[in-house]
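All remarks here apply to the structure that follows.
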Amino acid sequence: QVQLVESGGGLVQPGGSLTLSCVASGSTSGFHAMGWFRQASGKEREWVGSIRWSGGSRGNGYIADSKKGRFSISRDRAKSTIYLQMNALEPEDTAVYYCAIGRPIQSTISTIGGYTYWGPGTQVTVSS
């Protein structure tokens, strides 16, 4: 009952910037959080960040410690969209980036199990 579609991926040079978007449709009002994950070739899917989706404005989002200072997450509820702004990109950031929606508790906000629906992903490649 929820569909998520990511966009904005592509090829970028090291040090460059890229903004990803995720548009949600369907019955999203029952979920309070949306998140970004990524999965590089040969690695497990890892959490990038999450943000409050519905039910209030408390909280400004969470970014994984390893991404703080380079990545940020934002939302536009009127457009049913969340964004991932990525700066100072490195080759190690190359991955398929996924958005997700769910009802995680504090201890599961950074885990795959904390989310219910996932988008198909968008490829980000950082290479010179």
Side-chain angles (χ1 to χ4, degrees):
Q1 291 185 306
V2 177
Q3 296 80 45
L4 306 174
V5 180
E6 305 94 340
S7 63
L11 176 65
V12 62
Q13 295 184 359
S17 299
L18 203 62
T19 299
L20 306 182
S21 301
C22 175
V23 179
S25 61
S27 302
T28 65
S29 62
F31 302 92
H32 64 257
M34 292 186 68
W36 286 99
F37 291 75
R38 71 184 187 184
Q39 186 166 20
S41 179
K43 297 183 179 180
E44 296 184 353
R45 192 168 299 187
E46 66 169 333
W47 178 68
V48 175
S50 297
I51 194 168
R52 182 84 178 188
W53 177 245
S54 63
S57 60
R58 188 175 187 273
N60 295 318
Y62 305 85
I63 298 293
D65 288 341
S66 61
K67 284 80 177 178
K68 288 182 178 178
R70 296 195 302 119
F71 291 9
S72 63
I73 189 169
S74 61
R75 69 185 181 190
D76 187 339
R77 284 181 288 182
K79 297 181 179 180
S80 297
T81 302
I82 64 168
Y83 305 91
L84 179 66
Q85 175 66 48
M86 303 184 291
N87 300 314
L89 286 164
E90 306 168 355
E92 293 74 20
D93 296 316
T94 296
V96 177
Y97 284 71
Y98 301 89
C99 66
I101 190 168
R103 294 178 53 82
I105 60 175
Q106 196 71 26
S107 62
T108 62
I109 193 169
S110 63
T111 70
I112 295 174
Y115 301 85
T116 304
Y117 296 99
W118 296 79
T122 185
Q123 176 71 48
V124 173
T125 302
V126 184
S127 178
S128 60

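Distance NZ/Lys43 to CZ/Arg38: 8.0 Å, rounded to 0.5 Å. Separating the CD atom in Glu92 from the CD atom in Glu90 is a distance of 5.5 Å, to the nearest 0.5 Å. The line from CZ of Arg52 to CD1 of Ile73 is 14.0 Å long, rounded to the nearest 0.5 Å. A distance of 12.0 Å separates CD in Glu6 from OG1 in Thr81, rounded to the nearest 0.5 Å. Atom NE2 of His32 and atom CD1 of Ile101 lie 10.0 Å apart (nearest 0.5 Å). One distance of note links OG of Ser110 with CD1 of Ile63; it measures 12.0 Å at 0.5 Å rounding.
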Please list every donor-acceptor pair under 3.5 Å in which a side-chain atom of residues 117-124 meets a protein atom from a residue at least two apart or in another chain.
residue, atom, partner, partner atom, Å
Thr122, OG1, Gly9, N, 3.2
Gln123, NE2, Ala95, O, 3.4
Gln123, NE2, Thr125, OG1, 3.4

Residues 15-26 side chain polar contacts: donor-acceptor under 3.5 Å, at least two apart:
residue, atom, partner, partner atom, Å
Ser17, OG, Asn87, OD1, 2.9
Thr19, OG1, Gln85, OE1, 2.3
Ser25, OG, Gln3, OE1, 3.3

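Between Met34 and Leu4 the shortest side-chain heavy-atom distance falls below 4.5 Å. In this structure the side chain of Tyr98 reaches within 4.5 angstrom of the side chain of Gln39, judged on heavy atoms. Tyr62 places none of its side-chain heavy atoms less than 4.5 Å from the side chain of Val48. Between Trp53 and Ser80, some side-chain heavy-atom pair lies under the 4.5 Å cut-off. Taking the side chain as every heavy atom from C-beta outward, Met86 and Asp93 never approach each other to under 4.5 Å. Residues Leu89 and Phe71 form a side-chain contact, since some pair of their non-hydrogen atoms from C-beta on lies under 4.5 Å apart.
Considering every non-hydrogen atom in both Pro14 and Ser127, the closest pair reads CD-C, 3.6 Å. Of all the heavy atoms in Ile112 and Arg45, the pair that sits closest is CD1-CB, 3.9 Å.
Listed by chain and number, the residues in a side chain to side chain contact (heavy atoms under 4.5 Å, CB included) with Ala64 are Trp47, Ser66, Lys67 (sequence neighbours excluded).
Linking ILVMFWY residues whenever their side-chain heavy atoms come closer than 4.5 Å, directly or via other members, places Phe31 and Ile82 in the same cluster. Hydrophobic clustering (side-chain heavy atoms under 4.5 Å, transitive across Ile, Leu, Val, Met, Phe, Trp, Tyr) keeps Leu84 apart from Val5.
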